[in-house]
K.L.:
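Dropping the structure in here first, questions after.
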Amino acid sequence: MRYQAPRGTNDFVPGPLVKDRIFEVHRWQNVEATFYRLAAQFGYREIRTPLFEDIELFIRSSGETSEMVDKEMYDFRDKGDRHIALRPEFTAGVMRSLLEHGMSNQGGLSRLCYSGPVFRYGRPGRGRYRQFHQAGLELVGTASPLADAEVIEVTVLFLKALGLSDLKVMLNCIGRHEARLKYGEAILDHVSSWLETQDDEQKAKSRKNPLRMLDTKDPDLRDRLAGVQSITQFLSEESREHFDLVQTALVQAGIPFEVKTDVVRGLDYYNDTVFEVVSPPLGDLALAGGGRYDNLIQELGGPPTPSVGVGIGLERILLTLEDLGQVPAAPTLDAFLVSAGAESLAEVDSLARQLRQEGFGVQRDLDSKNLKGQFKQADRLAARFALIIGEDEMASGTCTCKELATGVQTSVPRSEVSQWLRLNLV
Ligand code: AMP
């Protein structure tokens, strides 16, 4: 039996070892490092929470009618009969942690960032996985529209820093509870004849959360929804003003955006600002999505703590970069040490040790391979230089330094090899 990675999951492998190289680990590391660097510039500090939580946390926060909770949760009972779910997103766990450690009681803001795997049992495809990775930000403890704009700005700067320039920020305001209740009634009214023809389950679901119908993939329902009012008509004065200020702040930050009233997001905890970022190669598949969640912490038993956040899909970024041919160079090895003859083995070994101490990345043969075999290894490891010590070099106290890309060879006194490498590794 040959095992395969579970359906909808990916291995991230060190390149260049395999043919399908999109998910090479160095590409991911580059994305993650760029994210953390930028987040740190804005004062976001990393938080790490468990991969699994009590399932109630996700039901409570995202809502039981959300597709994520209703259909996509990886849940199980553990040996202590606790009902557990692998996290389908980060925000709920991060807020649970903030509350548990009293971080939200200390007043002031918390700026948090993270990156790691999340799990959703959806239908896999390109850009849709069952285990995927999100980087994200949470700006906790402020109702300021500047916070919404900041989270969007960091997201856009991050994607731009990776070389993605053709970005579209789609922005909407979904209002507060009141507005959504009224809007929900308007939607139900609009599709009432369609709803009558549906089974009891669909009826109950639609009545419980009518806004979710706007996300529908059912073409019939989509037709029925044509001409339905937009949420904008139901917004309170307060929500409108907030939305205006978010837009002003984005203009000020030089972040282009488009108001799209059909961006509603699938989770219950959002209010007012919601947004998604898309980029052409992936079309409809959003690279990032987020919004304001002023009531979530209270919902989880904490004090009123207005907050805003974003989740960014790392695999989708890697696919976009691949489609655009914007791929970081694979890491190389500084030097592979070649011993031309058994008598130089000890010398090669001690030179390797010395060069590593000086900070170089160095490997050597472990299996007594012949010269050809050793050069093959050097190529496979993408070594910049082969440092060769054989009988002649032993006698003259030198080392032959060969640049593998050009084949150019230089004889260097052994005591000067590290200096030579430093000069030539540019
Ligand atoms: P969401 O909260 O569902 O909008 O997720 C935030 C981001 O995670 C999305 O914008 C995507 O980039 C990414 N994402 C969501 N679902 C998946 C999935 N099944 N596979 C890969 N990436 C995903």
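We count ligands from 1, going down the list as the structure has it; atoms in each ligand are counted the same way. Heads up: numbering here begins at 1 and tracks the sequence.
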K.L.:
Which protein non-hydrogen atom lies closest to atom 21 (C) of ligand 1, naming both residue and atom, and how far is it?
P.N.:
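Atom 21 (C) of ligand 1 sits closest to the protein heavy atom Gly127 O, 3.2 Å.
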K.L.:
Going through the distances and angles, do Lys205 and Met213 end up as a side chain to side chain contact (heavy atoms under 4.5 Å, CB included)?
P.N.:
CA-CA 9 Å; Lys205 241 170 145 177; Met213 282 193 271; over 6 Å; no
K.L.:
Under 4.0 Å from a heavy atom of Arg128: which atoms of ligand 1 are those, numbered in the order shown and with their elements?
P.N.:
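Answer for ligand 1: 18 (C), 19 (N), 20 (N).
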K.L.:
If you measure every N/O of Ala288 against every N/O of ligand 1, is any gap under 3.5 Å?
P.N.:
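Yes, since at least one N or O of Ala288 sits under 3.5 Å from an N or O of ligand 1.
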K.L.:
Which ligand 1 atoms, with their elements, are less than 4.0 angstrom from a heavy-atom of Arg120?
P.N.:
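That gives atoms 1 (P), 2 (O), 3 (O), 5 (O), 15 (C), 16 (N) of ligand 1.
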K.L.:
Return the closest protein heavy atom for atom 9 (C) of ligand 1 as residue, atom name and distance.
P.N.:
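Going by distance alone, atom 9 (C) of ligand 1 is nearest to Ala286 O, 3.8 Å.
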K.L.:
Go through the side-chain N and O atoms of Tyr74 and Gln131 and say whether any donor and acceptor fall under 3.5 Å apart.
P.N.:
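Judged by distance alone, the side chains do not pair up.
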K.L.:
Please walk me through it: do Phe35 and Leu137 pass side chain to side chain contact (heavy atoms under 4.5 Å, CB included)?
P.N.:
CA-CA 10 Å; Phe35 173 72; Leu137 305 167; 3.7 Å; yes
K.L.:
Pull out every atom of ligand 1 sitting under 4.0 Å from any heavy atom of Gly289, numbered as shown with elements.
P.N.:
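In order of numbering, the contacting atoms are 10 (O).
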K.L.:
Output yes when the distance from some N or O of ligand 1 to some N or O of Ile312 is under 3.5 Å, and no in every other case.
P.N.:
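By distance alone, the answer is no.
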K.L.:
Apply side chain to side chain contact (heavy atoms under 4.5 Å, CB included) to residues Val310 and Ile152 and explain how you reach the verdict.
P.N.:
CA-CA 8 Å; Val310 62; Ile152 296 172; over 6 Å; no
K.L.:
Going by distance alone, is a donor N or O of one side chain under 3.5 Å from an acceptor N or O of the other, for Ser61 and Glu299?
P.N.:
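Absent: no donor and acceptor within the cut-off.
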K.L.:
What is the closest protein heavy atom to atom 16 (N) of ligand 1, and at what distance does it sit?
P.N.:
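In this structure, atom 16 (N) of ligand 1 has Phe132 CZ, 3.3 Å as its nearest protein heavy atom.
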K.L.:
Starting from atom 8 (O) of ligand 1, which protein heavy atom do you reach first, and at what distance in Å?
P.N.:
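Ranking protein heavy atoms by distance from atom 8 (O) of ligand 1, first comes Gln134 NE2, 3.1 Å.
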K.L.:
Less than 3.5 Å apart, any donor N or O on the side chain of His177 or Asn295 sitting next to an acceptor on the other?
P.N.:
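Checked: His177/Asn295 side chains show no N/O donor-acceptor pair below 3.5 Å.
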K.L.:
Among all protein heavy atoms, pick out the one at the shortest distance from atom 20 (N) of ligand 1; state its residue, atom name and that distance to 0.1 Å.
P.N.:
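The protein heavy atom lying closest is Tyr129 N, 2.9 Å.
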K.L.:
Return yes when Gly122 approaches ligand 1 closer than 4.0 angstrom through a heavy atom, no otherwise.
P.N.:
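Outside the 4.0 Å threshold, so no.
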K.L.:
Which protein non-hydrogen atom lies closest to atom 2 (O) of ligand 1, naming both residue and atom, and how far is it?
P.N.:
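The closest heavy atom on the protein side is Arg265 NH2, 3.2 Å.
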K.L.:
Please walk me through it: do Phe90 and Val118 pass side chain to side chain contact (heavy atoms under 4.5 Å, CB included)?
P.N.:
CA-CA 8 Å; Phe90 271 89; Val118 291; 3.7 Å; yes
K.L.:
Check the pair Glu322, Arg27 against salt bridge (Lys or Arg N to Asp or Glu O under 4.0 Å), reporting the backbone distance first and the verdict last.
P.N.:
CA-CA 10 Å; Glu322 172 76 16; Arg27 300 190 189 191; 2.6 Å; yes
K.L.:
Please state whether the rings of Phe234 and Tyr183 are parallel, tilted or perpendicular, taking 30° and 60° as the class boundaries.
P.N.:
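Because their plane-to-plane angle lies in the 30° to 60° range, the rings of Phe234 and Tyr183 count as tilted.
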K.L.:
Looking at Leu287, which atoms of ligand 1 are within less than 4.0 Å of one of its heavy atoms?
P.N.:
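Listed by number with element: 10 (O), 12 (O).
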